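Computation of the quantities below employed the complete heavy-atom set of this structure, encompassing side-chain atoms and omitting hydrogens, waters and symmetry-equivalent molecules. Per chain, numbering begins at 1; letters A, B, ... match sequence-line order. None of these values were measured; they are calculated from a predicted model.
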Amino acid sequence: MTRRPTVLVAGFSARALARSALSAGFDVVALDGFGDRDLLERAPRPVAHVLVQPFHPQAAARLGTSITADSLAYTSNFENHPAALGALQRGRTLWGNTPAVLRAVRSPERVAGALRAAGLPVPRLCPDEPDSSRDAWMVKPRRSGGGRGIRIWTADEPARRHEYLQERIEGVPGSLVFLGDGRTALPLALTRQVVGDPRFGGWGYCYVGSLLASRRHPLFEVQESLFASAVAVAEALTAGFGLVGLNTVDFMARDGVAWPVEVNPRHSASVELIERELGTSLFPSHVEGVHGTATGPGHDALGWAAVPGKAILYARRRLTMTGSDALLVSGDAADVSADGTAIPAGAPVCTLFARADSGEACIAALAARSSALLAELGRGSAAA
Amino acid sequence: MSTHVVPDVTCLGCGLLCDDVALALEDGRIAGMAPHCDLGRAWFGDGQVPARILVRDVPASFDAALAAAATLLRPAEGRALVVLGPGLTTSAVRAGIAIADRLGATVDTATSPGAAEGILAGQRRGRASSTLGEVKNRADLVLFWGADPATTHPRFIERLVATKGTHVPGERTLLSVRIGEWGGPTAPVLTLDEAQEAGTLAVLRGMVLGRLASPPPEQAGLATLAAQLTAASYVAIVAPGEGRDARRAALRAEGLTALAQALNGPTRCTLITLRDGGNRNGVESALSWQAGYPFAVSFGGGAPTYDPGARGLHELWRADAALVLGDWRAIDDSALAALAEVPSVVVGPRASEAPFAPGAAIDTGVAGIHEGGVAYRMDDVPLPLTPVVDGARTAAMTITALAEALGPRGAGA
């Protein structure tokens with residue numbers, strides 16, 4: 001028996017990916033900006049944890065070079081920092097898309113070109129200042145993450161050097177989680193995204209949560225057509241850029257067509273919803289995908305019996321964490337920081353999970369839980 | 001010619017530890033076995049084992065061999081490897097663990113990579129299991145998951161399935177899922193290749209929990225299986241417990257454990273893994289209750305520590321000397337080759353035939369053939385062993401004598 005590989009799991013919040021690797025039997029060294037209790041205290045525990053606060057991939061790469069680990073798996077926001085990923089990867093096997101692939105697939109121009117060449121719909125990009133009398137445009141940071149920094153273009157606030165303009169597509173936000181093997185894409189789930197919802201402390205276009213769509217409980221109009229359209233996009237991206245492992249493509253759904261707006265070429269927030277429903281880790285599938293075999297669990301990507309969902313709860317004002325023990329044992333919360341942790345306004349408090357018989361009921365259950373938790377934390381913070 | 005029959009012998013030929021075996025002896029040799037079992041017959045053989053004592057391949061006295069062994073092992077204190085192989089009684093295993101503690105050694109066992117992954121999966125997420133008696137008396141549906149007991153545990157069906165259960169009013173339902181080359185005792189309800197196994201288990205679990213609905217036509221068989229499992233009163237999942245492919249074994253163990261746990265909502269389910277014999281479970285049990293961990297234990301730090309990712313036999317470069325206790329034939333070829341590079345001592349059945357030129361070799365009898373005591377069945381139930389034929393000195397006595405020859409910790413190091 002050879003020594004089991006130790007995986008360095010790095011990212012802004014490593015908890016979900018690290019748990020996925022741990023439950024698949026890997027030894028894990030975690031590196032992130034939180035060190036949440038459910039990452040550090042649940043069995044099996046990581047071999048070690050390195051805290052990088054405030055988290056930045058370059059700082060993580062600097063600290064990570066001294067960590068002993070055989071392999072590297074990463075999550076947000078290394079996709080925006082391929083050079084940092086390259087530094088962190090040195091001397092290890094990379095279980096994810098390479099820096100070169102990240103540079104290519106995170107380029108809006110190259111993605112648009114590839115999808116257009118495949119005959120698929122794609123929002124236009126505006127190379128210059130748009131004509132304010134025609135069309136609507138979104139201003140997006142090139143290093144976007146979690147929907148932050150996205151706004152509607154106005155002549156008063158033109159795009160800056162690090163931003164680009166993408167055609168504004170009216171529709172419903174969603175995503176497709178898929179497994180790539182460098183050539184083909186295997187769809188794992190279609191999700192409806194929750195964006196900017198103030199019930200969860202959200203604002204603007206920030207990502208707040210996801211719901212899994214199913215045939216039994218459709219979350220989009222003309223959903224089957226939309227699914228086929230999203231799968232075609234994933235296949236074109238995988239073939240065009242050689243995507244491997246777990247990936248997600250975000251889109252705007254309109255009239256049964258997926259209009260891709262961003263590619264997240266790494267483990268994303270929706271993956272754990274699938275894992276929770278199947279009761280299995282997708283980490284082995286991810287690793288197999290990296291090695292060129294995308295079999296996946298083999299489930300029906302639209303076969304869910306209910307609507308499972310998750311929401312990230314953001315602090316509207318500065319809070320102090322209390323009651324983390326109860327959250328940890330509740331089974332419907334994750335990313336739980338230790339009691340006494342200061343949570344600045346706009347920072348994530350924790351992640352909540354729910355399951356219901358419709359999208360509306362799931363969102364309502366998440367919102368009710370969010371409201372109760374915020375009230376509790378508000379009282380605790382006032383008392384502190 | 002003198003002939004007689006020894007009834008109620010416990011056979012360690014596989015993990016089933018059948019304790020209803022009758023052996024026919026002719027002139028002190030085992031001449032027959034009833035009921036017949038190929039694995040059992042191979043385990044007992046004719047009951048004859050060598051009884052040599054060698055020091056550097058030259059015949060020596062027992063005391064001289066012990067002295068040579070102690071001289072070889074003492075300088076390796078803190079950097080020794082103790083291998084607990086099969087064929088030992090639990091008393092002999094305990095004595096071996098005491099030596100490992102005395103030497104501050106790392107302990108490796110005959111726990112296969114597949115079995116180790118099963119244990120680790122249980123440590124990660126718990127496990128729904130039971131005794132084999134419960135399977136016999138309560139299981140009305142037995143699912144053979146890539147398991148072929150006819151080959152690996154020949155009397156499993158006869159003793160536990162094709163027999164009346166006290167709480168099974170009608171006929172048992174037997175289902176088989178074929179995985180790669182491994183089918184079961186009935187025509188397969190599903191045929192999978194190995195790459196599909198983990199995913200299929202996840203989907204099956206999702207169906208059992210009601211998380212997946214309206215399966216597509218290609219998964220109709222899986223949906224039917226999920227319905228059969230949840231409709232049963234008591235499900236026993238029987239799966240392979242050994243194997244060389246650790247990665248596959250880890251995924252299988254994780255998936256089967258999760259499925260068995262999921263079935264304990266709508267019904268009752270136990271997961272039975274088919275372990276090999278030779279008292280492998282006894283080694284893991286004794287280590288667990290003496291050191292706290294079932295395998296991959298190190299006494300190097302003065303207290304037991306656990307590093308399941310590092311198995312001593314495959315990291316022999318760390319060892320200054322190795323003590324192999326039990327049947328060395330369970331050691332794989334690469335580790336046997338590595339043992340030739342390390343000063344070693346072997347105590348156990350056929351020690352004198354070890355191919356890696358040990359500094360001292362003391363042949364002993366085999367647990368359950370020449371040596372009485374206790375061995376653990378694959379469901380961790382301890383069973384008594386009685387000696388059937390005369391053999392060489394017992395392993396328990398020999399290992400205890402070696403411990404005395406070593407003296408207390410620090411003596412002569």
Side-chain angles (χ1 to χ4, degrees), chain A residues 1-7 19-28 42-45 47 70 179 181 186 188-189 212 214-218 273-285 287-289 291-308 355 357, chain B residues 108 111-114 116-117 120-121 123-126 192-216 218-219 222-223 244 246-251 253-255 257-259 261-262 295-296 307-315 332 335:
Chain A
M1 182 194 225
T2 52
R3 175 172 277 274
R4 86 181 41 233
T6 301
V7 192
R19 278 279 142 228
S20 182
L22 285 164
S23 66
F26 290 91
D27 286 341
V28 166
R42 287 227 164 105
R45 298 178 182 192
V47 175
D70 308 295
L179 191 62
D181 63 3
L186 181 72
L188 300 180
L212 294 188
S214 63
R215 272 185 212 92
R216 182 178 280 189
H217 304 289
L273 275 179
I274 307 168
E275 293 183 323
R276 283 172 68 92
E277 288 310 288
L278 293 178
T280 192
S281 164
L282 290 176
F283 197 81
S285 298
V287 175
E288 286 181 354
H291 291 134
T293 312
T295 48
H299 65 286
D300 175 4
L302 293 174
W304 314 111
V307 181
R355 183 182 295 109
D357 287 338
Chain B
D108 203 350
T111 310
S112 67
E117 293 299 336
L120 292 172
Q123 290 172 349
R124 281 194 295 274
R125 62 186 310 159
L192 308 170
D193 63 42
E194 289 185 350
Q196 294 175 298
E197 183 181 8
T200 303
L201 281 168
V203 174
L204 189 56
R205 180 185 180 276
M207 289 174 170
V208 164
L209 287 177
R211 302 278 171 85
L212 288 167
S214 315
E218 64 272 19
Q219 288 183 348
L222 206 53
R244 306 303 310 170
R247 204 60 249 137
R248 286 275 165 232
L251 296 176
E254 193 73 31
T257 304
L259 175 61
Q261 288 169 338
F295 65 97
D307 186 358
R311 300 292 295 274
L313 271 170
H314 287 261
E315 300 199 350
D332 66 41

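When heavy atoms are compared at a cutoff of 4.5 Å, Arg276(A) approaches chain B solely by way of its backbone atoms N, CA, C and O. Using a 4.5 Å cut-off between heavy atoms, Leu22(A) contacts chain B through its backbone alone, with no side-chain atom that close.
The choice from Gly206(B), Gly255(B), Ala335(B), Ala202(B) that makes the most heavy-atom pairs within less than 4.5 Å of chain A is Ala202(B). When the candidates His299(A), Glu288(A), Arg355(A) are compared by the number of heavy-atom contacts under 4.5 Å with chain B, Arg355(A) comes out ahead.
The CG atom of Leu212(B) sits 7.5 Å away from atom CG of Asp300(A), with the distance rounded to the nearest 0.5 Å.
Between Pro284(A) and Leu251(B), the closest heavy-atom pair is CG-CD2, 3.2 Å.
Not counting sequence neighbours, the partners of Leu209(B) by the side chain to side chain contact (heavy atoms under 4.5 Å, CB included) test are Arg205(B), Arg211(B), Ala262(B). Judged as a side chain to side chain contact (heavy atoms under 4.5 Å, CB included), and not counting sequence neighbours, the contacts of Ser214(A) are Arg216(A), His217(A), Trp304(A).
Put simply, the side chain of Gln219(B) gets close to the backbone of Gly298(A): a donor and an acceptor are under 3.5 Å apart.
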